[in-house]
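Written out below as structure tokens is the structure these notes cover.
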Amino acid sequence: MIYLNLFIQFFHIGLFSFGGGYATLPFLYHIAENQQWYTIKQLTDMIAISSITPGPVGVNVATFAGFATSGLLGALVATTSVILPSYILVIVISKFLEQFETNKNVRAAIYALKPAGCGLLAAVAVDMFMDNANLPGMFLLAILFFISVKQKHDPLFYLSVSALVGLFAGFLHLTA
Amino acid sequence: MDKSFYTIFKTFFKVGTLLLGGGYVILPLLQAELVDKKGWIDSDGLCEYYALGQSVPGIIAANMSIFVGYKLRGQVGALAAVLGIVTPAFLAIILVASILEEIVHWSFIQSIFWGVGIGVILLVYLATKEMWTRSIVDKFTCIIFFAAFILSSCFKVSPALIIILSIAAGIIYRKRITTEKAGNKECENDLS
């Protein structure tokens, strides 16, 4: 039952990912490694497209992953289930807002899970780096890194530059 | 002020359409729409929801929208807001994904994706760096960072389990600190 499985996977992403759109990536990466729904390569493409399409990246990637797994209905199931935990929790919290904000355990939990989420994302970054460790790729990454150190840009900017370089490298047959 | 399901939906739909890139740009967008144009909430309220949106699991933009929607009109408002913020993202991806299936085999599309794949590594790195400045504040958070990193990359532990472990570690650590402080005080009292 693919839809039930999709629901469970994306509901648990919605429940455990903290810290914004990219925080869902470690979970999606884990799914790519353990379920044969999509490959790491496809996931990378999804992240790129999600970064330049309207809407929150987390929603984009969930829709995309659901669509890749089982079409339109899959997309609908994945998107709904990634949002559902937020919906339930936010409404419950709205009713007990003061208790939530001042609760010691809640504060302690947030204090610890933020760096954990960051560590998970760092692991994804290293994995992606290792997967692409070829000479032309590293050369492009070095250029992008240098640009980002000099001045902060929009994700759209970095992706446009890398798309152009990719196109150019394709003509020179460097992208094999 | 008109706070019908449709108006709330439309407002968040607009924000959802303008929302490009990382989730953090949602703050200025909501500021412009909800505070300046509609006057539904004030700046302080919005900032509070922004902080709250990050302390709830899930996608920050969705969390904030549900918070604001619920404040405006209860369950109806929350539903209108979340549908509004999600629908543009959903439609855009369905459109792109359908086209992509047809063209992904073309060789120049492959080349573009090769380049863009490298760009994504930089984006993930930048997102990690951004999270680092927001979350690593002392020795304990630094230890949690490396523990999560090693468990995930070397031992392939599931992210959900790592999050649960970190929550447990955080609560235990804070408890120990408070009891230690209490213990120190008792000690001081005994000495004096």
Side-chain angles (χ1 to χ4, degrees), chain A residues 12 14-16 18-22 26-27 30 44-45 47-49 53-56 58-60 63-64 67 79 83 85-87 89-91 94 105 108-116 118-123 125-126 128-129 137 140-141 144 155 158-159 162-163 165-167 170 175, chain B residues 16-17 19-23 55-63 66-67 70 78 82 86 88-90 92-94 96-97 108 111-125 127-128 131-132 135-136 141 144-145 148-149 152-153 158-160 162-163 166-167 169-171 174:
Chain A
H12 114 272
L15 192 57
F16 289 109
F18 283 86
Y22 283 93
F27 295 85
H30 195 73
T44 314
D45 297 352
I47 300 164
I49 290 168
T53 39
V59 178
N60 290 140
T63 307
F64 217 137
F67 191 83
T79 312
I83 295 288
S86 292
Y87 192 78
L89 282 169
V90 168
I91 285 179
S94 286
N105 287 338
I110 291 166
Y111 162 76
L113 63 80
K114 276 188 177 171
C118 185
L120 291 177
L121 197 58
V126 170
M128 285 183 158
F129 181 82
L140 171 56
L141 188 61
L144 291 173
Y158 298 117
L159 292 180
S162 45
V165 174
L167 205 53
T175 60
Chain B
T17 312
L19 194 63
L20 282 163
S55 35
V56 180
I59 293 139
I60 295 175
N63 293 344
I66 302 167
F67 266 122
Y70 186 80
V82 75
V86 167
F90 185 81
I93 290 300
I94 295 297
V96 173
F108 82 91
S111 309
I112 289 177
F113 272 122
W114 174 85
V116 158
I118 305 291
V120 166
I121 302 175
L122 185 83
L123 293 185
V124 175
Y125 160 75
T128 311
M131 278 173 97
W132 171 279
S135 60
I136 282 79
T141 43
I144 292 280
F145 170 86
F149 176 79
S152 179
S153 68
S158 97
I162 294 174
I163 292 291
S166 74
I167 293 175
I171 292 174
R174 276 287 161 95

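Only heavy atoms go into these numbers, but all of them, side chains included; no hydrogens, no water, no symmetry mates. As the structure is a prediction and not an experimental result, all values here were calculated from the model. Letters A, B, ... mirror the listed sequences (proteins, then strands); counts begin at 1.
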> Of all heavy-atom pairs between I163(B) and F27(A), which one has the smallest distance, and what is that distance?
Replying inline: CG1-CZ, 4.5 Å
>> Quick check on the interface: out of V124(B), I93(B), V56(B), who has the most heavy-atom pairs with chain A under 4.5 Å?
In response: I93(B)
> Out of A109(A), G58(A), S86(A), which one racks up the most heavy-atom pairs below 4.5 Å with chain B?
Replying inline: S86(A)
> So how far is it from L122(B) CG to M128(A) CE, rounded to the nearest 0.5 Å?
Replying inline: 12.0 Å
>> I need the minimum non-hydrogen distance between I112(B) and L167(A), along with the two atoms involved.
In response: CG1-CD1, 3.6 Å
> Taking side chain as C-beta onward, heavy atoms only, is Y70(B) less than 4.5 Å from V90(A)?
Replying inline: no
>> Between F64(A) and chain B, with a heavy-atom cut-off of 4.5 Å, which part of the residue counts as in contact: side chain, backbone, both or neither?
In response: both
> For the atom pair CZ (F149(B)) and CG (L121(A)), what is the distance rounded to the nearest 0.5 Å?
Replying inline: 11.0 Å
> Who passes side-chain contact (heavy atoms from CB on, under 4.5 Å) against T79(A), sequence neighbours left out?
Replying inline: V59(A), T63(A), V86(B), F90(B)
> T128(B) versus C118(A): any side-chain heavy-atom pair under 4.5 Å?
Replying inline: yes
> Are the side chains of I49(A) and F113(B) in touch, meaning some heavy atoms are under 4.5 Å apart?
Replying inline: yes
>> Is I136(B) close to chain A through its backbone or its side chain, or both, or neither, when contacts mean heavy atoms under 4.5 Å?
In response: side chain
> Which pair of non-hydrogen atoms, one from A123(A) and one from S152(B), has the smallest distance, and what is that distance?
Replying inline: CB-OG, 3.7 Å
>> Working to the nearest 0.5 angstrom, can you tell me the gap between L113(A) CG and I171(B) CD1?
In response: 9.5 Å
> Based on non-hydrogen pairs under 4.5 Å, which of I47(A), I83(A), L140(A), V126(A) is most in contact with chain B?
Replying inline: L140(A)
> What distance separates F18(A) CZ from I59(B) CD1, expressed to the nearest 0.5 Å?
Replying inline: 12.5 Å
> Quick one: are P159(B) and F16(A) in side-chain contact, heavy atoms under 4.5 Å?
Replying inline: no
> With respect to chain B, which residue among A125(A), A122(A), P85(A) yields the maximal number of heavy-atom pairs within a distance under 4.5 Å?
Replying inline: A122(A)
> How many angstroms lie between OG in S162(A) and CD1 in I121(B), if you round to the nearest 0.5 Å?
Replying inline: 10.0 Å
>> So, using side-chain contact (heavy atoms from CB on, under 4.5 Å) as the criterion, who are the partners of P88(B) when residues are at least two apart?
In response: F13(B), T17(B)
> So which of I110(A), I91(A), T44(A), L89(A) has the largest heavy-atom pair count under 4.5 angstrom toward chain B?
Replying inline: I91(A)
>> With heavy-atom distances below 4.5 Å as the criterion, would you say the side chains of T53(A) and V96(B) are in contact?
In response: yes
>> As an exercise: rank I66(B), I167(B), I162(B) by heavy-atom pairs under 4.5 Å with chain A and give me the winner.
In response: I66(B)
> What residue in A169(B), A62(B), G16(B), S135(B) has the most heavy-atom pairs under 4.5 Å with chain A?
Replying inline: S135(B)
> Quick one: what part of V82(B) sits under 4.5 Å from any heavy atom of chain A, side chain, backbone, both or neither?
Replying inline: side chain
> What are the two closest heavy atoms between A92(B) and P54(A), and how far apart are they?
Replying inline: CB-CD, 3.9 Å
> From S166(B) OG over to K114(A) NZ, what is the distance, rounded to the nearest 0.5 angstrom?
Replying inline: 12.5 Å
